[in-house]
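What follows is a set of notes on a single structure, which appears directly below.
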Number of protein chains: 2
Amino acid sequence: MATSRDVARLAGVSQSTVSYVMSGRRSISAETRRRVEEAMATLRFQPNAGARALASRRSQVVGLMVPFGPGADTAGVLPFIESIAKCARAEEHNVLLVTEDEGAEAVERLAGRAQCDALVLMDVGAADSRIAVAAALDLPVILIGVPDDPAHLPCVDVDFDRAGQLAVDELAACGHRRIVQLGYVRPSVERDVNYVRRFDRGARAAARRHGIPYTQVIPEDAGNAAVEAALEEALAPDDAGNLGLVVPEGRLTSAVLTGLADRGLTPGRDVSVIAICTDEAAETTQPPVTNVSLEPREVSRRAMHTLFRLLADRHEPTGIDLVQPHLTRRRTTLPHPH
Amino acid sequence: MATSRDVARLAGVSQSTVSYVMSGRRSISAETRRRVEEAMATLRFQPNAGARALASRRSQVVGLMVPFGPGADTAGVLPFIESIAKCARAEEHNVLLVTEDEGAEAVERLAGRAQCDALVLMDVGAADSRIAVAAALDLPVILIGVPDDPAHLPCVDVDFDRAGQLAVDELAACGHRRIVQLGYVRPSVERDVNYVRRFDRGARAAARRHGIPYTQVIPEDAGNAAVEAALEEALAPDDAGNLGLVVPEGRLTSAVLTGLADRGLTPGRDVSVIAICTDEAAETTQPPVTNVSLEPREVSRRAMHTLFRLLADRHEPTGIDLVQPHLTRRRTTLPHPH
DNA sequence: CTGAAAGCGCTAACAT
DNA sequence: ATGTTAGCGCTTTCAG
């Protein structure tokens with residue numbers, strides 16, 4: 001591969017001029033610029049990333065730590081990754097992928113070796129061991145999810161309090177006298193992530209306000225049998241006609257809908273079902289499920305926006321940035337009584 | 001961050017000795033090694049990645065180009081990403097994520113700037129513009145998927161020919177006299193990926209061998225309405241009792257199962273359904289669907305294995321490496337008649 | 001077995 | 001507006 005020295009020689013200028021043409025950090029005469037750019041083009045020059053990183057102390061890389069493995073929502077994380085990658089590219093950055101199971105030491109590795117300029121930590125737990133490490137770093141870090149103690153690190157997440165409230169308000173408006181939350185599954189509960197509690201809190205508060213009993217059924221896992229058992233339990237009181245179901249984990253939705261259909265219960269007529277999932281996912285269930293939206297793309301967008309501001313200048317106010325979810329009525333909820 | 005010079009000073013050795021302690025490329029006395037390692041530990045030394053890349057001409061990074069955006073299977077790509085990331089880590093490499101829509105120029109960028117030592121291209125199309133570019137690079141590249149002309153690049157994929165055959169053989173064995181393939185959806189067909197053709201070829205050949213009529217219904221997209229329409233078409237001849245359905249796109253499975261249930265048709269009793277999807281996905285449909293497995297983890301594992309062999313400079317024979325799928329009978333296929 | 005020294009290909013002062 | 005030069009922090013000769 002050609003180097004900037006080769007370009008300089010061909011253009012008949014000094015090597016630093018080539019560098020300045022690239023960075024635009026000082027004025028260059030039109031003629032010089034033309035010759036340099038021409039030389040670059042004929043040599044198909046591309047600056048060496050390692051050399052640039054070494055000299056500039058900037059890798060132009062954002063580290064992204066994603067949840068993987070069992071417990072992680074297989075479909076749910078992809079929109080995040082995609083949006084984050086696109087935002088990064090828009091700012092001339094690349095994304096280095098790290099899996100969450102590498103834990104805090106991976107965070108130290110990326111930062112210590114200067115492999116990235118900034119970090120995005122997805123899926124942060126209530127008490128996440130990565131946070132203390134990340135907070136001690138002198139590079140921008142953003143959390144997706146809200147831990148108990150963010151240690152002054154900026155966080156972005158969906159407003160799960162509000163999501164719970166929206167779901168319950170709608171079920172109440174549909175006339176239901178009993179609300180059951182089916183999920184989160186036990187592994188999610190035990191992973192100790194704050195959105196589980198926040199959702200629960202928002203939903204319960206709303207139910208109390210409406211004077212409607214609110215119970216929660218926790219499937220042992222996301223498998224079919226467990227969801228079936230949970231559904232059975234939710235339906236046990238047998239006044240199904242009054243039942244409003246909240247399904248906070250999107251991946252359980254189709255199992256729930258199928259389970260209801262198997263029992264001759266038609267969502268939207270006999271019971272109501274509200275799922276917490278992306279609009280995208282809601283539109284592909286059968287029938288399309290009324291949902292409170294998770295907004296992975298918006299969350300990612302805001303996270304990256306904040307991150308790049310921090311990367312540009314270091315004194316932004318950092319706090320908790322909550323994305324407002326919205327409810328979309330589809331086919332699985334009863335019409336409102338007049 | 002401490003540098004190797006700091007370590008050298010503290011250990012009372014030369015900087016190059018520190019480097020050799022890290023690389024193990026020459027013998028070091030036990031005492032020297034001990035002192036260096038102690039100094040590294042007390043300074044919490046981590047080698048600077050940019051400097052290392054510049055000097056060694058090795059970034060220790062694998063570039064991974066993933067399909068994103070509409071058209072891509074939202075859930076299907078994650079296991080690939082995960083497995084690839086883990087394999088990379090096992091060999092002390094990181095993964096740099098690039099989205100497919102950046103196309104061939106992203107390939108040139110990564111290679112030209114020496115941002116990675118090797119490349120994995122996922123989801124390669126029959127005539128993929130990235131291939132010519134990638135083949136001209138002087139770094140190892142592996143394709144996941146098989147193009148018409150691999151240009152001597154090694155490929156790994158599931159044996160879709162065989163997958164089609166397995167599905168049809170099983171439906172024949174179940175006694176079906178009519179087989180309909182529901183899918184791929186039109187965008188997939190038009191994206192011109194070879195696995196669509198290969199699957200079709202394998203399935204058709206098997207059907208011909210069994211003397212069973214084989215037709216294909218192509219939904220306009222992966223949405224519910226389109227799948228419904230396709231199902232209606234598939235069921236039109238109305239001798240549903242004899243119908244065996246093949247669903248080559250896993251994401252359509254639950255819509256198909258729900259659609260059948262809505263018509264009072266019970267898979268495994270009235271009709272048979274075989275999906276092409278991961279075993280994981282097959283176990284979470286309701287009822288669990290008989291499937292021919294896609295093996296994303298095994299495909300990834302083999303791809304990375306080959307890639308690291310190539311990186312280690314062994315001039316391996318490179319060709320097309322097909323992973324054999326296997327069929328698992330679950331609840332959606334009829335029992336074999338005796 | 002170890003040290004000194006020459007780069008790797010850039011960026012960014014410091015000069016004019 | 002441009003050239004000269006000193007690094008950035010490593011790897012890897014070359015010398016002993």
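For clarity, every value in this text was computed on a predicted model and none was experimentally measured.
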Q: Keeping the roles fixed (side chain from A:S300, backbone from A:P296), state whether a donor-acceptor pair exists under 3.5 Å.
A: yes
Expressed as a whole number of angstroms, how long is the span from [X]:[atom1] to [N]:[atom2]?
{"X": "B:R58", "N": "D:dC10", "atom1": "CZ", "atom2": "P", "result": "19 Å"}
{"X": "A:R5", "N": "C:dG7", "atom1": "CZ", "atom2": "P", "result": "10 Å"}
{"X": "A:R52", "N": "D:dC8", "atom1": "CZ", "atom2": "P", "result": "19 Å"}
{"X": "B:D117", "N": "D:dT11", "atom1": "CG", "atom2": "P", "result": "14 Å"}
{"X": "B:R26", "N": "C:dC1", "atom1": "CZ", "atom2": "P", "result": "10 Å"}
{"X": "B:I28", "N": "D:dT12", "atom1": "CD1", "atom2": "C1'", "result": "13 Å"}
{"X": "A:Q15", "N": "C:dG7", "atom1": "CD", "atom2": "P", "result": "16 Å"}
{"X": "B:R35", "N": "C:dG3", "atom1": "CZ", "atom2": "C1'", "result": "14 Å"}

Has [X] got a side-chain N or O lying under 4.0 Å from the OP1 or OP2 atom of [N]?
{"X": "A:S14", "N": "D:dT2", "answer": "no"}
{"X": "B:R113", "N": "C:dG9", "answer": "no"}
{"X": "A:S4", "N": "C:dG9", "answer": "no"}
{"X": "B:T3", "N": "D:dG9", "answer": "no"}

Minimum-distance nucleotide (side-chain atoms of [X] versus [options]):
{"X": "A:A51", "options": "D:dA1, C:dC10, D:dG9", "answer": "C:dC10"}
{"X": "A:S27", "options": "C:dC8, D:dA1, D:dC10", "answer": "D:dA1"}
{"X": "B:L54", "options": "D:dG3, D:dG9, D:dC10", "answer": "D:dG9"}
{"X": "B:Y20", "options": "D:dT2, D:dC8, D:dT12", "answer": "D:dT12"}
{"X": "A:T17", "options": "D:dC10, D:dT11, D:dG3", "answer": "D:dG3"}

(Q) Nearest heavy atom decides the nucleotide; on that basis, is B:E31 or B:A55 closer to the 5' end of DNA chain C? (A) B:E31
Q. Thinking salt bridges, do A:E105 and A:R109 make one under a 4.0 Å N-O criterion?
A. no
Q: Before accepting this row, confirm whether a basic side-chain N of the pair A:E280/A:R297 lies closer than 4.0 Å to the acidic partner's carboxylate O.
A: yes
Within the structure shown, what part of the strands sits under 4.0 Å from [X] by heavy-atom distance: base, sugar-phosphate, or nothing?
{"X": "B:S19", "answer": "base"}
{"X": "B:S16", "answer": "base"}
{"X": "B:T32", "answer": "sugar-phosphate"}
{"X": "B:V13", "answer": "sugar-phosphate"}

Q) Would you say the side chains of B:S19 and B:S16 form a donor-acceptor pair under 3.5 Å? A) no
Q. For residues B:T17 and B:S14, is any side-chain donor paired with an opposing acceptor at under 3.5 Å?
A. yes
Q: Verify the neighbour count for atom CD of B:Q324: are there more than 12 heavy atoms of other residues, nucleotides or ligands below 6.0 Å?
A: yes
